[in-house]
Amino acid sequence: MTTKNLIEDLRWRGLIHQTTDEAELSKLLQSEPQTIYIGFDPTASSLHVGHLMQVMMLRRFQQAGHRPIALVGGATGMIGDPSGKSEERNLLSPEQLQSNVDGVGKQMKQFLVFDGSSGAKLLNNFDWMQGYSYLEFLRDVGKNFPVGAMMGKESVRSRLESEAGLSYTEFSYMLLQAYDFVYLCREHNCRIQAGGSDQWGNITAGIDLGRRMLGKQLFGLTAPLLTTSDGRKMGKTEKGAIWLDPDRTSPYEFYQYWINVDDADVMRCIAYLTEIHRDEYDSLAEQTASDPGRRGAQKRLAQWMTELVHGAEGIASAQRATSILFGGEIEKATDAQLGQIFADVPSVETDRSVLSGEGWWIVEALQKSSLVKSSSEARRSIKEGSVYLNNRRVTDMDVRLTEADLASETVLVLRRGKKKYALIRFTTNR
RNA sequence: GGGGGUUUGUCCGAGUGGUUAAAGGAGACGGACUGUAAAUCCGUUCGCUAUGCGUACACAGGUUCGAAUCCUGUAGCCCCCA
């Protein structure tokens with residue numbers, strides 16, 4: 001994709017929320033390859049769906065021939081960005097921060113190309129901040145920040161008006177981020193910073209500082225936040241964030257998250273997060289409108305995202321699991337198949353001997369599997385018809401499980417409700 | 001420091017000394033319908049060795065055949081006076 005198309009594409013996708021001096025920015029991008037940076041807060045050791053917009057933004061620029069810098073905020077993460085936060089952040093320990101920086105950095109490699117002429121860079125602002133003394137920083141940087149202007153920033157104002165207030169530490173946050181921009185401009189000739197719309201204040205602070213300290217014009221570009229049609233942040237379930245790390249959120253869960261995206265949100269997700277082209281987008285939009293039941297857009301979105309994040313193997317196993325889990329009875333499977341399909345489903349082991357003789361009471365099995373909290377709940381569930389053995393509904397409370405109920409050599413599949421599965425493996429020791 | 005009020009299940013909120021495991025609502029969890037959706041409808045929502053039993057209405061004790069309901073003390077919250 002050429003630069004000219006890049007801007008057009010971003011606009012079409014609705015990814016441009018605000019920019020500074022758009023005409024000039026556009027000219028700059030077309031004159032020669034530029035360097036663009038986005039900062040990431042290392043609040044956890046993995047990125048989550050909420051970060052994907054920004055990661056994709058860098059990727060889009062890279063594909064148009066520009067050099068992306070993913071800045072992991074080892075230093076700024078120690079302070080905490082007050083933007084969009086209603087309360088003071090708890091500070092992370094340096095060790096925790098370091099392991100988060102490592103984790104996030106590793107994930108970046110999956111989305112950006114790190115070699116070649118427009119190879120991405122992964123930088124940590126702790127590297128240039130750690131040796132910067134407080135006195136020097138105040139003289140070089142602080143001097144250029146009129147408190148009046150700082151007070152005017154939305155992130156500061158909203159916090160000052162709220163109960164929670166704002167500590168001096170968080171108040172100072174924008175100086176650090178502003179300095180990052182200046183540093184990157186000076187050392188890496190980076191003149192563009194992008195981010196979510198909540199970063200506008202921080203970005204413009206950096207631009208001001210760049211003008212004062214370097215006499216250079218810097219540029220900012222923000223993307224809208226990824227929210228659902230009813231205004232909540234995307235990428236979260238009741239259980240928490242959808243992580244990119246397969247150990248935190250399995251490929252199957254990840255895939256399912258996108259499959260379940262609301263009709264009202266799905267096209268926006270495709271525009272914001274994927275690289276699906278316009279013609280396909282249009283036909284998916286058309287299909288969602290005329291035949292929403294097919295959920296063609298959701299399936300395509302889920303497939304694209306899962307493949308990007310978890311690769312060909314991840315998408316294959318997610319789809320395989322989906323077809324079994326939402327299919328009919330499970331019979332004559334092998335341990336290997338079930339193990340793969342239910343890789344992320346909680347499983348427990350118990351001794352095979354319980355299956356012999358009388359058999360194992362289903363109520364006990366349910367408790368053992370943690371699908372229910374008490375035997376009362378187990379009985380209730382059976383009465384309500386929400387318990388399934390190998391995907392076949394159990395209606396009789398006195399059912400006893402025997403060898404004949406195994407779905408494969410040693411595994412039996414329990415389910416409660418529509419989507420909650422548990423595996424029980426029977427082992428023979430000695 | 002003195003006086004008054006309040007404290008119920010996940011949350012909100014009724015509750016007459018006696019079918020009160022506690023009305024009603026929310027939430028949650030199921031089921032039907034559907035598109036693995038939304039809306040709607042229905043059911044469930046303390047535990048157990050389960051047509052019975054045990055715990056439970058801030059906590060401890062008391063009155064009574066019987067208490068979430070009455071009395072006393074302790075604690076939390078709220079209001080008024082100093």
Side-chain angles (χ1 to χ4, degrees), chain A residues 49 227-232 234-240 242 249-270 283-306 314-330 341-346 354 357-401 413-422:
Chain A
V49 164
T227 54
T228 60
S229 51
D230 47 353
R232 287 167 317 171
M234 289 265 326
K236 290 229 160 95
T237 63
E238 312 72 48
K239 277 188 241 130
I242 302 291
T249 300
S250 71
Y252 167 71
E253 261 179 284
F254 185 86
Y255 180 82
Q256 283 292 319
Y257 177 77
W258 301 110
I259 284 286
N260 283 307
V261 168
D262 200 277
D263 293 352
D265 301 319
V266 68
M267 292 319 295
R268 208 150 26 87
C269 285
I270 289 178
S283 89
L284 288 170
E286 197 276 321
Q287 199 188 92
T288 297
S290 63
D291 187 8
R294 264 175 74 189
R295 285 176 308 138
Q298 279 91 340
K299 284 178 187 157
R300 182 71 174 98
L301 171 67
Q303 187 227 335
W304 202 95
M305 297 307 300
T306 310
I315 180 67
S317 82
Q319 283 175 334
R320 202 161 47 228
T322 296
S323 70
I324 299 277
L325 262 43
F326 291 96
E329 290 180 17
I330 303 169
I341 292 166
F342 291 96
D344 33 276
V345 156
V354 295
E358 280 266 280
W360 197 24
W361 192 23
I362 181 99
V363 168
E364 279 173 35
L366 282 166
Q367 284 191 85
K368 174 87 181 177
S369 73
S370 305
L371 285 174
V372 299
K373 288 200 284 289
S374 64
S375 90
S376 304
E377 196 174 340
R379 288 156 190 261
R380 214 181 289 134
S381 301
I382 295 172
K383 220 183 298 166
E384 289 173 342
S386 65
V387 172
Y388 299 79
L389 169 60
N390 300 330
N391 268 0
R392 197 179 324 116
R393 179 175 281 171
V394 173
T395 50
D396 181 1
M397 200 166 302
D398 300 320
V399 166
R400 306 199 78 93
L401 307 176
V413 184
L414 284 176
R415 174 179 136 208
R416 169 151 183 258
K418 210 154 261 173
K419 300 175 189 177
K420 272 183 305 229
Y421 281 87

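Order of the sequence lines sets the chain letters (A, B, ...), proteins ahead of strands, with each chain counted from 1.
Nearest to the side-chain atoms of Ser386(A) among the listed nucleotides G31(B), G35(B), U36(B) stands G31(B). Proximity note for Ile259(A) (side chain, C-beta onward) versus G35(B), G31(B), U36(B): the nearest is U36(B).
We find that CZ of Arg415(A) is positioned 7 Å from P of G31(B), with the value rounded to whole Å. Regarding Arg294(A), its CZ atom lies at a distance of 12 Å from the C1' atom of G35(B), rounded to whole Å. If you take CD1 of Ile382(A) and P of G31(B), they are 14 Å apart, rounded to a whole angstrom. Separating the NZ atom of Lys383(A) from the P atom of U51(B) is a distance of 11 Å, rounded to the nearest angstrom. In this structure, Glu253(A) places its CD atom 15 Å from C1' of U36(B), rounding to the nearest Å. Look at NZ on Lys419(A): it is 15 Å from P on G35(B), rounded to the nearest Å.
Contact annotation: the side chain of Ile362(A) never approaches that of Arg400(A) to less than 4.5 Å [non-hydrogen atoms, C-beta and beyond]. Side-chain contact check for Leu389(A) versus Val413(A): every heavy-atom pair is 4.5 Å or farther apart. Asp396(A) is not listed as a side-chain neighbour of Ile382(A), based on a closest heavy-atom distance of 4.5 Å or more.
Side-chain polar atoms of Gln256(A) and Thr322(A) form a donor-acceptor pair below 3.5 angstrom. With 3.5 Å as the limit, one finds a donor-acceptor pair spanning the side chains of Tyr421(A) and Asn391(A).
To the nearest whole angstrom, the two P atoms, one in G13(B) and one in A58(B), are 15 Å apart. Comparing U34(B) with G25(B), their P atoms sit 28 Å apart, to the nearest whole Å. Taking atom P on both nucleotides, A68(B) is separated from U20(B) by 13 Å, rounded to a whole Å.
Side-chain to base pairing of Asp291(A) with G35(B): no donor and acceptor N or O lie closer than 3.5 Å to each other.
Contact between the side-chain N/O atoms of Tyr421(A) and the OP1/OP2 oxygens of U36(B) is not found at any separation under 4.0 Å. When the side-chain nitrogen and oxygen atoms of Arg393(A) are compared with OP1 and OP2 of A32(B), one or more of them lie within a distance under 4.0 Å.
Across all strands shown, the partner of U72(B) is A60(B), judged by Watson-Crick or G-U wobble contacts whose two distances both fall under 3.5 Å.
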Base-contact (B) and sugar-phosphate-only (S) positions in nucleotides 44-50 of chain B, heavy-atom cut-off under 4.0 Å, - elsewhere: SS-SBSB
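In Arg320(A), the CZ atom is crowded: over 12 heavy atoms of neighbouring residues, nucleotides or ligands sit closer than 6.0 Å.
Among the atoms of the strands shown, none is found under 4.0 Å from any heavy atom of Ser381(A).
Heavy-atom nearest nucleotides on RNA chain B were determined for Tyr388(A) and for Val261(A), and the one closer to the 5' end corresponds to Tyr388(A).
Taking 4.0 Å as the cut-off between side-chain N and carboxylate O, Lys419(A) and Glu253(A) do not count as a salt-bridged pair.
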